[in-house]
Every structure is written in structure tokens, then in C-alpha cells.
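This structure is a prediction, so every number in the text was calculated from the model and none was measured. Order of the sequence lines sets the chain letters (A, B, ...), proteins ahead of strands, with each chain counted from 1.
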Number of protein chains: 2
Amino acid sequence: MRLSQKQKELIEKIGIYFEQGMQPAAARILALLIVSDKDSFSFDEIREILTLSKSATSNGLSFLSSVNKIEYYTKPGDRKRYFKWSPSNTINHFKEGIEKILGLSNLFDEAIKLKKDKDSFNSQQLVDLSDLMSFLHKEMPIIYNKWESQRTQH
Amino acid sequence: MRLSQKQKELIEKIGIYFEQGMQPAAARILALLIVSDKDSFSFDEIREILTLSKSATSNGLSFLSSVNKIEYYTKPGDRKRYFKWSPSNTINHFKEGIEKILGLSNLFDEAIKLKKDKDSFNSQQLVDLSDLMSFLHKEMPIIYNKWESQRTQH
DNA sequence: CTTTTGGTTCTGCAACTATAGAACCAAAAG
DNA sequence: CTTTTGGTTCTATAGTTGCAGAACCAAAAG
């Protein structure tokens, strides 16, 4: 199994996107599973393709499993585990990422409560920002529905 | 200038939200400027309230300035600079955060192009994910408008 | 010119992170 | 029971990060 130059570059680029939130090795493993033509890879394939040590590979895979970004299956009569990207969970994670916005908006609301002068410029802006965030949060399900329906149409 | 216990706690909590993307000291400075009743703080006030060293304060402030999260003004006959949160930019940054999604979606599109079997489960899921992301991206201006109009109503 | 003020830059270090390599281990194969 | 396989866990370490403290500097004050 060899990767094209373009695929290698893409793994690095996508890896960088993922690196905020996980170690470089894990980010690259995930990018590999997403980019590559093959749907699943064994431990040693990943290790060789990305030239990682066994420990880095093992740690990366167990991290990615623990946050449900990948899953693995086994073949009968084969002790190896085959790891694959878990796209449905990725869509959920994407949604959860948006959800996190709400957490910050709640903290902002707390901050507003503590403000003595609720009419100060800062207070007003904070109210606005929190409002935008929770508005957005409320709108998300609508957007997801809209997307679902327009997607199933064609 | 003293902060209440609640305000201190909130600064830490909001700080943690900001820490992905900047150093702890900078994150706390920003949280202070957002949470506090006073709209602006001098270098030494920040330093004292957060018990930071001069260098940490200076680096934090210059980082926050460089990414336009804060601004400062001066008073005539006073050499000090007074730093304040820049909320309008914060709303823009919030929008830019959403924009970043598009970047990943473009990388996903590149990955799809390189896929030999475009009908594989992985490919399909990747198409879906990228599609959701760019759909969301396209919908954002609409949401912002919706928010603007409902906000000016009351 | 000298001193003070407000802040920046430099130096060193403690703590943390990510990885390699080795030791290790359980299950399967022989 | 012994060996092999597929991986995990432990140990050591290079590299990075974030900060303190000191040295430094330019502008203003005296």
C-alpha cells in the first residue's frame, strides 16, 4: 500500500486541522483513514505508512477510539484489528463542536449577571454576543433539517 | 479595584475556553476585560489583579492586540495605555471561526477528488460531511441577517 | 543632563508533551 | 509446554511552552 504524493500532502494538511485537540500522530492517523482509498488499515500498515513507532501508533489509535473518531473490526481467523474512520460519529462531533458554543454563551450570561452597569457599552456588547450565540444554537437544528431534506431530494 | 470571588471564578472558566488558541495568561487577560465592571485597565492593574509578571502581561497584551481581540486608548497627559476588550471584533472573530470550517471542507473536497472509488462508503460519507459543512457555511449569512432583523425589532 | 515611568525584550528554567525503543503480556499457533 | 503474533505499557528523552526576573530602552519629568 503506497500513497501518492498528493495524498501524503493532504494527510499533512488535514492533520494540521486536527492537531488542535489531539497529538500530531493521532491527527495523521485520522487523516490517513479519511484520505486513503482503502477503508481500513491494520496496526502495522498504519505504523509503516506513517513511519510511527509502535507506541505512538498504539497511543494514537486508542485516543481516537476513546473519542469515537474511529472504530475497528476483526476478521474471522485473523488476530489483527482493522481500523477505520467512523464518519457518522464525525458528523456528530461536528455538531457537538457547534454545541460547545452554547457553553461559552452560558458563561457570558453569567458574566452579564455580575455586571453592575448593565447598560455600559461592554455589557451591551456582551449581551449581543451571547444572544447571537444562543440564537445560532437554536437555529442549528433547523439548518440540519433543511440540509437533510434538500439532500434527500436529489 | 478588587474582583468578587464569582468574577474570579468566571475569569478562570472563560479563560479555559479561550486557552485553545492562546496562552493561559493571555486568555485570562481577555476574560478579565470581558467580565469586569470596569471597561478598561492599565498595564499595571492587569498585572496586579491577575498577579502576572511584567513579561507575561506584556506578551499577553501584545498577542491579544495582534489578533485584534483588544485595543487600547490613551488619556491626554497620561503615559499609560488603557486596554479594553474589542467586542465588535469578537463578533467578527466568531464569524471567522465559522469560516474556518470552510477550509476543512475544501480539504475534504480535495480528498474526494483523489479517491479512486467515489462510491465507497467512506467516499460517500466524506461527500456528505463536506456538503454539510459548505451548506452550513452558505447558510450563515442568512442566519446573521435573521438575527439582525429580529434583534432590531425589540 | 539625570531620574522616573511605562513598558519591551532577553535569559534561564520548570513543567509538560509527544515520541522512540524496550520490556512486557495475553492469546493463538505449533 | 514453547514460540509467535499483535499489540500495550513503561522508561527515557528531545523538544516545546509559558512564565518569572532582570536587563534594557525610549519618552517624559525634573
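A:Glu9 and A:Lys6 are not joined by a salt bridge, as no carboxylate oxygen comes within less than 4.0 angstrom of a charged side-chain nitrogen. Using a cut-off of 4.0 Å between Lys/Arg side-chain N and Asp/Glu carboxylate O, A:Lys54 and A:Asp44 are scored as not salt-bridged. We find that A:Arg151 and A:Glu148 are joined by a salt bridge, their nearest charged nitrogen and carboxylate oxygen being less than 4.0 Å apart.
Here D:dG18 presents its C1' atom at 13 Å from CZ of B:Phe63, a figure rounded to the nearest Å. Put simply, CG on A:Asp44 is 11 Å from P on D:dT8, counting in whole angstrom units. The separation between B:Tyr72 atom OH and C:dG7 atom P is 10 Å, rounded to whole Å. D:dT8 atom P lies 13 Å from atom CZ of A:Arg47, rounded to whole Å. Distance CD1 (A:Ile46) to C1' (D:dG7): 12 Å, rounded to an integer number of Å. One can place CG of A:Asp78 at 14 Å from C1' of C:dA27, the figure rounded to the nearest angstrom. The NZ-P distance, from A:Lys80 to D:dT4, rounds to 17 Å in whole Å. Atom CZ of B:Arg79 is separated from atom P of C:dT4 by 13 Å (rounded to the nearest Å).
You'll find a donor-acceptor pair under 3.5 Å spanning the side chain of B:Lys54 and the base of C:dG7, going by distance alone. Taking only distance into account, the side chain of B:Ser55 meets the base of D:dG21 through a donor-acceptor pair shorter than 3.5 Å. Between the base of C:dG7 and the side chain of B:Ser58 there is no donor-acceptor pair shorter than 3.5 Å.
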Pair A:Asp131-B:Trp147, side-chain hydrogen bond (donor to acceptor under 3.5 Å, both in side chains): steps then yes or no | CA-CA 9 Å; A:Asp131 193 52; B:Trp147 177 65; 2.9 Å; yes
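Geometrically, A:Lys84 does not engage A:Phe41 in a cation-pi contact defined by less than 6.0 Å to the ring centre and at most 45° from the axis.
Listed candidates were C:dT8, D:dG7, D:dA20. Nearest to the side chain of B:Phe43 is C:dT8.
Within the shown strands, C:dG21 is the pairing partner of D:dC10 under the Watson-Crick or G-U definition, both distances less than 3.5 Å. Judged by Watson-Crick or G-U wobble contacts below 3.5 Å, the nucleotide D:dA27 has C:dT4 as its partner.
Regarding contacts with the backbone of D:dT8, a side-chain N or O of A:Arg81 is found under 4.0 angstrom from either OP1 or OP2.
In this structure, B:Asn59 and A:Phe83 both approach DNA chain D, and ranking their closest nucleotides by distance from the 5' end singles out A:Phe83.
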